[in-house]
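These numbers come from a predicted model, not from an experiment. Below, read A as the first sequence line, B as the second, and so on, with proteins coming before strands; counting in each chain starts at 1.
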There are 2 protein chains.
Amino acid sequence: MTSSRFAVATHILTLLALKGDEPLTSEVIAASVNTNPVVIRRTMAGLREAHLVVSQPGAGGGWRLVGAPEAITLCDVFRAVETDDLLALPPKLPNASCPVGRTICGTLGEVFHEAEMAMAERLARVTIADVLRDAVPQSSSPR
Amino acid sequence: MTSSRFAVATHILTLLALKGDEPLTSEVIAASVNTNPVVIRRTMAGLREAHLVVSQPGAGGGWRLVGAPEAITLCDVFRAVETDDLLALPPKLPNASCPVGRTICGTLGEVFHEAEMAMAERLARVTIADVLRDAVPQSSSPR
DNA sequence: GCCTTTCGTAACCAGTATAGTTACAGACAA
DNA sequence: TTGTCTGTAACTATACTGGTTACGAAAGGC
């Protein structure tokens, strides 16, 4: 199981998309996510590094979305906040004197990578704008 | 990040496939995986419930594969040992008085499920026989 | 320049999960 | 009946997460 950082990050970005250009403080965001402002700032660190949001200290400051909600996919969000692999290899190396132990990590490493790519591709088909449309149906005109 | 149970379970099943009908004890398996026999038995519990292996107590006992290695996919193995969802929703419910907080869990729940299904489909395309072929290339005749 | 607001981050705590280990009861075969 | 296995409970060390407090630094209003 992953941490909930990915879910929290998506929630935040959707909230920022809803508010448009108005900067939101960590405290306001924390009230919607129902957690602590520090937890929000911790999550935002990854999003800022990925250039998905910008932050502004001082009075009247807060967080703003960088790009268009249509241009941010959930895959981008996932990559920004979730650094570890989802599927884990064993903590200790297997016994190299066994033919299976010698090869299993390489084999599984490839398969795991492909499986994670398949998941990422599915996430890439959903954008923050899609998530926002679920929250505020009238927020977007049908194409 | 998941536990390493999935990787360990795949290792074990490949080992059982390599040995054919000869039953392997937890101790022998533990030596190949490089861990403790109890860790092995713990992992096997899920595989036994899923009818992927059978166990036999007593002298000359141990573990044997139930079906053909070609018939066991990594998706089967994953489902047998990994019970939790991979992608997690936040521990505390969001604020229902916010339009995003009200809907985000439902929206993300669907997306997460679809993403996990995409991963499972990829895992279903690999069998224990495939993994074994990586370990012992001559173990299988080319089709 | 000073004061308020806000981010940025370190530090710490509680809860939880995992892997590893010991211990022992129960099942089975020779 | 004895030795060999599985099955499982219990305990430990370790690590990660989320929550919290605290405080420094940046920015803007007065």
With side chains defined as the heavy atoms from C-beta onward, is the minimum distance between Thr35(B) and Lys92(A) less than 4.5 Å?
no
Under the ring pair (Phe, Tyr, Trp, His ring centres under 6.0 Å) definition, can you give me all pairs with a residue in residues 52-105 of chain B, not counting sequence neighbours?
Phe6(B)-Phe78(B)
Hey, are Asp130(B) and Arg133(B) close enough for a salt bridge, meaning a charged N less than 4.0 Å from a carboxylate O?
yes
For Arg102(A), is the CZ atom crowded, meaning more than 12 foreign heavy atoms sit under 6.0 Å from it?
yes
Can you tell me how far C1' of dG19(D) sits from CD of Glu27(A), to the nearest Å?
15 Å
Measuring from atom CD of Glu22(A) to atom CG of Leu65(A), what distance do you get when rounded to the nearest 0.5 angstrom?
13.0 Å
Mind listing the residues from residues 100-109 of chain B sitting with a heavy atom below 4.0 Å of DNA chain D? Number order is fine.
none
Do the side chains of Leu15(A) and Cys98(B) get nearer than 4.5 Å, heavy atoms only?
yes
Is the phosphate of dG8(C) approached by Arg48(A) (side-chain N or O, under 4.0 Å from OP1 or OP2)?
yes
Hey, does Met44(B) have a side-chain heavy atom less than 4.5 Å from the side chain of Ser55(B)?
no
Is any side-chain heavy atom of Val136(A) closer than 4.5 Å to a side-chain heavy atom of Leu18(A)?
yes
Is there side-chain contact between Val100(A) and Val131(B), with heavy atoms separated by less than 4.5 Å?
no
Protein-nucleotides 28-30 of chain D N/O pairs under 3.5 Å:
unit_1  : atom_1 : unit_2   : atom_2 : d
dG28(D) : OP1    : Gln56(A) : NE2    : 3.2

Please determine whether the number of non-hydrogen atoms from other residues, nucleotides or ligands lying under 6.0 Å from atom CD of Glu27(B) exceeds 12.
no
Can a side chain N or O of Ser26(A) be found less than 4.0 Å away from OP1 or OP2 on dC7(C)?
yes
Figure out the CH2/C1' separation between Trp63(A) and dA26(D), and round it to whole Å.
13 Å
OP1, OP2 of dT6(D) versus side-chain N and O of Thr25(B): anything below 4.0 Å?
no
Please list each protein N or O that sits under 3.5 Å from an N or O in nucleotides 14-17 of chain D, with the distance.
unit_1  : atom_1 : unit_2  : atom_2 : d
dT17(D) : OP1    : Arg5(A) : NH2    : 3.4

Cluster question for you: counting only ILVMFWY and a side-chain heavy-atom cut-off of under 4.5 Å, with indirect links fine, are Leu24(A) and Val39(A) together?
no
With the threshold set at under 4.0 Å for non-hydrogen atoms, list the residues of residues 29-47 of chain B touching DNA chain D in residue-number order.
Val38(B), Arg41(B), Arg42(B)
Pairs satisfying ring pair (Phe, Tyr, Trp, His ring centres under 6.0 Å), at least one member in residues 79-107 of chain B, at least two apart:
none
For the residue pair Leu108(B) and Leu74(A), establish whether any side-chain heavy-atom pair is separated by less than 4.5 Å.
yes
